[in-house]
Asker: 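Please see the structure below; I have some questions.
Each residue takes its place number in the sequence, starting with 1.
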Amino acid sequence: MFLRRKFTSLVLAEHNNVKLNPIVYSVVNAAEYFNDDITVLVAGDTCGTVAQEASLITGVSRVLHIDSKDLKYQLADSLAKAVKQIQHANNFKRIIAGSSNFSRDVIPRLGGAFGVQPVTEITKIMNEDCYKRAAYAGNAIYTVVFVQPDIRLLTIRATSFDKNPVKKTPAPVERFDAGDVKSAMTWVNEEIIKADRPDLASAKIVVAGGRGLKSKEGFKIAEDLADTLGGAVGASRAAVDAHYCHNELQVGQTGKIVAPNLYIALGISGAIQHLAGMKDSKVIVSVNTDPEAPIFGVSDYGLVGDAFKVVPEMISKLKK
């Protein structure tokens with residue numbers, strides 16, 4: 001008699017049909033805490049290279065690959081239909097994704113489909129059914145215990161977990177036919193901002209600008225310093241609302257959560273909403289004209305001064 005191996009954790013892979021989002025490597029790391037076999041779902045359009053990339057992540061036991069034109073943009077209702085079919089065939093104990101706009105769209109829809117309350121923004125896994133998650137802009141930590149026997153729907157805050165390395169021997173990739181997963185929505189268009197800088201969410205160095213940079217032109221000093229350091233550019237919500245930069249650069253509770261090795265804040269006062277998105281950075285350096293600015297309370301190094309005078313000097317010294 002042959003027994004079919006049971007796979008108990010399904011990781012939803014976020015990607016652009018060409019490459020995995022780096023967040024997936026951290027989600028797999030989190031999934032390993034459950035000591036279960038890990039399956040990664042790669043669903044998209046002509047995304048075979050992504051499936052192969054996923055198969056090389058350490059800890060992955062297998063990859064399920066769905067190739068359909070209806071999944072090109074991974075719209076929530078299409079992907080939810082596919083996941084429901086996969087769950088029916090495999091009976092996973094938990095479905096896990098990284099905390100991002102992707103999971104904020106898909107996971108609640110799956111929660112409605114399965115009749116389960118998702119547990120989101122997990123920062124620590126205590127055991128199979130007990131998790132820590134941040135609340136109130138990171139000022140409180142909830143301990144959540146799952147007592148129902150239902151499937152668990154979880155999202156992981158990637159900055160709280162390491163990225164799993166790549167292995168030499170790939171896990172098996174299995175094709176899955178999801179059938180009709182056509183979306184009720186119509187994809188109109190997308191605007192892609194091409195940048196030569198590192199991705200903000202995974203960059204090791206981030207230079208962020210705030211309202212103190214005064215204008216779109218003034219914000220360029222943050223970009224110049226980031227380019228000199230080979231880092232990414234971030235911004236406070238105030239800078240984004242003032243149209244100094246694109247909203248994709250927003251760091252904070254309602255933006256991206258980052259934890260680089262070095263975070264440089266220029267002209268950022270340090271509102272609670274912003275601190276929630278960057279206070280886990282390894283080293284925080286702040287430049288602000290206000291000596292009472294809250295940002296100094298979480299900074300490893302603080303300089304009271306005018307960023308328009310300080311930054312050019314920093315760039316000059318770094319280039320020597």
Asker: Check this for me, if you would: do Asp300 and Lys282 make a salt bridge, where the nitrogen-to-carboxylate-oxygen distance has to be below 4.0 angstrom?
Answerer: no
Asker: Between Asn164 and Thr58, does any side-chain donor sit less than 3.5 Å from a side-chain acceptor?
Answerer: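 No, because no side-chain N or O of Asn164 sits under 3.5 Å from a partner of the opposite role on Thr58.
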Asker: Phe219 vs Tyr244 aromatic rings, parallel, tilted or perpendicular, using cut-offs 30° and 60°?
Answerer: tilted
Asker: Between Val240 and Cys245, is there a side-chain heavy-atom distance shorter than 4.5 Å?
Answerer: yes
Asker: Taking the six-membered ring for Trp and the full ring for Phe, Tyr or His, determine whether the centres of Tyr131 and Phe146 are under 6.0 Å apart.
Answerer: no
Asker: Got a sec, which pairs hit ring-ring contact (aromatic ring centres under 6.0 Å, His included) with one end in residues 40-89, sequence neighbours left out?
Answerer: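 Pairs touching residues 40-89 that pass the test: Tyr73-Trp187.
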Asker: Starting from the C-alpha separation in whole Å, work towards a yes-or-no answer on side chain to side chain contact (heavy atoms under 4.5 Å, CB included) for Leu10 and Asn90.
Answerer: CA-CA 10 Å; Leu10 177 67; Asn90 293 269; over 6 Å; no
Asker: Any luck finding a side-chain donor-acceptor pair between Glu14 and Ser103 under 3.5 Å?
Answerer: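 Checked: Glu14/Ser103 side chains show no N/O donor-acceptor pair below 3.5 Å.
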Asker: Within a strict 4.5 Å, meaning less than it, do heavy atoms of the Leu213 and Ile221 side chains meet?
Answerer: yes
Asker: Does a side-chain heavy-atom distance below 4.5 Å link Ile295 with Met278?
Answerer: yes
Asker: Could you point out which residue of Thr155, Leu154, Val144 forms a side chain to side chain contact (heavy atoms under 4.5 Å, CB included) with Ile122?
Answerer: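 Exactly one candidate clears the test, Leu154.
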Asker: Give a yes or no answer on whether the side chain of His15 reaches the backbone of Cys47 with a donor-acceptor pair at less than 3.5 Å.
Answerer: no
Asker: Counting distance only, does the side-chain N/O of Thr39 pair as donor-acceptor with the main-chain N or O of Val63 below 3.5 Å?
Answerer: no
Asker: With a 4.0 Å cut-off, would you call Arg104 and Glu121 a salt bridge?
Answerer: yes
Asker: Are side-chain heavy atoms of Val42 and Ile66 found at a separation under 4.5 Å?
Answerer: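 Side-chain contact under 4.5 Å: no.
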Asker: If the threshold is 4.0 Å, N to carboxylate O, is there a salt bridge linking Asp129 and Arg152?
Answerer: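 Answer for the salt bridge query: yes.
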Asker: Would you indicate whether the side-chain heavy atoms of Ile86 and Phe176 approach each other to under 4.5 Å?
Answerer: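 Counting from C-beta outward, Phe176 and Ile86 do come under 4.5 Å.
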Asker: Taking Arg197 first and then Asp227, would you say they form a salt bridge - that is, a charged N and a carboxylate O separated by under 4.0 Å?
Answerer: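 Looking at Asp227 together with Arg197, the answer is yes, because their closest N to O distance falls below 4.0 Å.
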Asker: Is Tyr25 linked to Ile95 within one hydrophobic cluster, defined over Ile, Leu, Val, Met, Phe, Trp and Tyr using a side-chain heavy-atom separation of less than 4.5 Å?
Answerer: yes
Asker: Does the Asn17 side chain pair with the main chain of Lys72, one donor and one acceptor, at a distance under 3.5 Å?
Answerer: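 Present.
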Asker: Could you verify whether a donor N or O on one side chain and an acceptor N or O on the other, from Gln74 and Ser78, lie under 3.5 Å apart?
Answerer: no
Asker: With distance as the sole criterion, is a donor-acceptor pair present between the side chains of Ser236 and Arg211 under 3.5 Å?
Answerer: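 Their side chains do not contain a donor-acceptor pair, so the 3.5 Å distance test is not met.
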Asker: Would a hydrophobic clustering, with Ile, Leu, Val, Met, Phe, Trp and Tyr connected at side-chain separations under 4.5 Å, put Val258 with Val287?
Answerer: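 Different clusters.
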Asker: Just checking, is any N or O donor in the side chain of Arg157 or Thr123 under 3.5 Å from an acceptor N or O on the other one?
Answerer: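 Looking only at side-chain atoms, Thr123 and Arg157 do not form any donor-acceptor pair under 3.5 Å.
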